[in-house]
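What follows is one structure encoded as structure tokens, with my remarks underneath.
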Amino acid sequence: MAFNLGGGTAGFTPFGATTTTTSGQTAGFPFGASTGGFGGFGTTATAAPAFNFSTPANSGVTGLFQNTQNKGFGFGGGFGTGTGLAPGLVPGSTFGGFGGFGAQQQTGGLFGQAVQPQAQTVQLINTASALSAPTLLGDERDAILARWNQLQAFWGTGKGYFHNNLAPVEFTQENHFCRFKTVGFSCIPSNKDEDGLVALAFNKKEAEIRNQQQLLVETLHKILGGLQQIMVNVEGIRALPDDQTEMVIYVVERFPNGNSRRVSATNLFNSLEQTNVKNHLMQLSVLVALPRTELSPAQIKQLLQNPPTGVDPIIWEQAKVDNPDPEKLIPVPMVGFKELLRRLKFQEQMTKQHQSRLDIISEDVNELQKNQATTVAKIAQYKRKLMDQAHKVLQVLIKQEIQRKAGYAIQAEEEQLRVQLDTIQCELNAPTQFKGRLNELMSQIRMQNHVGAVRSEERYSVHVDLLGEIKQHLKLQQEGLSHLISVLKEDLEDVKLIEHGLSESVHIRRDFFS
């Protein structure tokens, strides 16, 4: 998950901010607006016509909202002078997008490419003098001062004194020598200008905004003129870090012929940026309003070709090479600990949202599983009821047919059907036919179940060598038993012989005494 980066946090000056102002609302690329909120890339000299709900301009444009040429980036300034957007707005949203690429004193052009080479040259020379060869004291202490200036430049804060007659150099985190900077990646906006989405950041909690949603919609409708042909709608509400809330709105304009259309994000943003409207929004605790518009290929190309102020071009080129998804992500600088803390808050907020969504999905899955189990049980119950009803219907039909045929002789078709049923009954009852086979199969199934149960209860394994020893022992036992049986047989023969001899001697004695 890539997090949007940028914004008008303290110490994060805009990229190519221009001091040129226009009448009404600034047009072109709404970065670097004079409100001091989000940083930008300069403004054009084209003045966007002021928006007025009561007196629409007759410029050939249909509807209350005029299609101005302000096809901006959608990350313009905020409400309040010099306040900017409070740190910690949600990643992936309109807020905290691509602002804060570093300040460059530029004028004119979409990205403010008309630089002031002389001022930059003087600034570069003064910085080099402050870091390498200050001439403030004229002795060995200048070397210590140079090291101190280098340390301040590395930290990105402080002032570098280098000459008695020249102003000191102001070190910011955007200077090339600041060490606490890196390059990350942020999602490229994908919403079109025709979608008309504008995000409002409220300095209130999400629960409070949701409770007052209808009131806020009615108030915004009144602020935008209160006309019946326009309607303010809420696209979504979600929590932001630091007890802030983002609400995405769009305006639908109805025409007398019954058709309707969404007001473009640029025109709606220009309307919200009017002074009187902005004052009302500030009373509603709105921190900043930003349109959600996608970047054109030319704008993305221009962003990638010009490294932000203070970022080494080599690091910038390497970041473009390391971009995991150039179609959806764009490199953005991260400067200072405040920016790192803001990204950390973004990550924590997004992690909470993901965990909350996972919990909801888990609950839905558990509920679906319970419903599935209940449905399966009901289906089985209904099947049994269907079978019972079918049997009852069959019995009713049998009784009805018996009553209908009462008093009639048996027809030939009925007699033929009775013969067929008797034949089937005889085949089923024949011992050598289906009944015998069925009984045999039932006996085999019972025996297999019994054997399977016994085998499942008693399972032994004997080693091969031990099994051979057991066989040898049993063989010896068998031989011993055979020998014992033969001895017993011989003894029985001897006993019989003795008995026979005794019986003969008894007869001889009887004859002798007689």
Side-chain angles (χ1 to χ4, degrees), residues 1-12 37-39 74-75 78 84-101 173 180-191 197-213 234-249 285-290 292 294-295 319 322-369:
M1 175 60 65
F3 298 95
N4 285 336
L5 179 63
T9 55
F12 208 0
F38 268 73
F75 297 88
L85 181 63
L89 291 177
V90 74
S93 66
T94 308
F95 307 108
F98 294 92
F101 279 87
Q173 292 182 342
F180 302 106
K181 64 178 65 174
T182 184
V183 178
F185 301 95
S186 295
C187 293
I188 300 176
S190 59
N191 300 103
L197 300 180
V198 174
L200 303 177
F202 290 86
N203 193 21
K204 295 181 179 180
K205 296 183 179 180
E206 180 184 7
E208 186 177 356
I209 294 297
R210 291 189 180 275
N211 293 333
Q212 301 177 359
Q213 178 177 344
V234 177
E235 179 73 13
I237 298 175
R238 57 178 173 179
L240 304 178
D242 299 330
D243 293 333
Q244 298 174 2
T245 306
E246 177 193 51
M247 183 171 70
V248 182
I249 64 172
S285 300
V286 176
L287 298 174
V288 67
L290 297 175
R292 284 188 171 181
E294 63 182 355
L295 301 176
D322 296 337
N323 192 344
D325 192 353
E327 298 295 331
K328 297 181 179 180
L329 303 178
I330 190 170
V332 290
M334 292 186 294
V335 181
F337 293 104
K338 290 184 179 180
E339 186 64 22
L340 182 62
L341 177 61
R342 193 168 67 89
R343 292 293 289 257
L344 179 61
K345 289 183 178 180
F346 290 167
Q347 184 176 1
E348 292 177 351
Q349 182 69 25
M350 188 59 64
T351 302
K352 290 180 180 179
Q353 293 180 1
H354 288 173
Q355 186 62 42
S356 176
R357 177 57 57 183
L358 289 176
D359 294 339
I360 295 174
I361 294 174
S362 178
E363 293 177 359
D364 293 342
V365 170
N366 294 334
E367 187 67 22
L368 291 175
Q369 290 177 349

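Being a predicted model, the structure only gives us computed values, none of them experimental.
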Which distance, rounded to the nearest 0.5 Å, do you find between the [atom1] of [X] and the [atom2] of [Y]?
| X | Y | atom1 | atom2 | result |
| --- | --- | --- | --- | --- |
| Ile330 | Asn323 | CD1 | CG | 8.5 Å |
| Met350 | Lys345 | CE | NZ | 15.5 Å |
| Leu200 | Ile249 | CG | CD1 | 4.5 Å |
| Arg210 | Met247 | CZ | CE | 11.0 Å |
| Glu206 | Asn211 | CD | CG | 10.0 Å |
| Glu208 | Asp243 | CD | CG | 10.0 Å |

| said: Quick test of your reading of the model: are Glu246 and Arg292 salt-bridged, counting only N-O distances below 4.0 Å? | reply: yes

Residues in side chain to side chain contact (heavy atoms under 4.5 Å, CB included) contact with [X], at least two apart in sequence or another chain:
| X | result |
| --- | --- |
| Asp364 | Ile360 |
| Glu235 | Leu197, Val248, Tyr250, Arg262 |
| Glu327 | Asp325 |

Taking the side chain as every heavy atom from C-beta outward, state whether [X] and [Y] have any pair of such atoms under 4.5 Å apart.
| X | Y | answer |
| --- | --- | --- |
| Ser186 | Leu329 | no |
| Arg342 | Lys338 | no |
| Asn203 | Gln244 | yes |
| Lys204 | Gln212 | yes |

| field | N/O donor-acceptor pair under 3.5 Å between Ser362 side chain and Leu358 backbone | value |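 A pair under 3.5 Å: no.
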
| remark: Smallest heavy-atom separation, Ile188 atom then Pro326 atom, equals CD1-O, 4.1 Å

| task | Among Leu287, Val286, Leu240, find the one that has a side chain to side chain contact (heavy atoms under 4.5 Å, CB included) with Phe202. | result | Val286

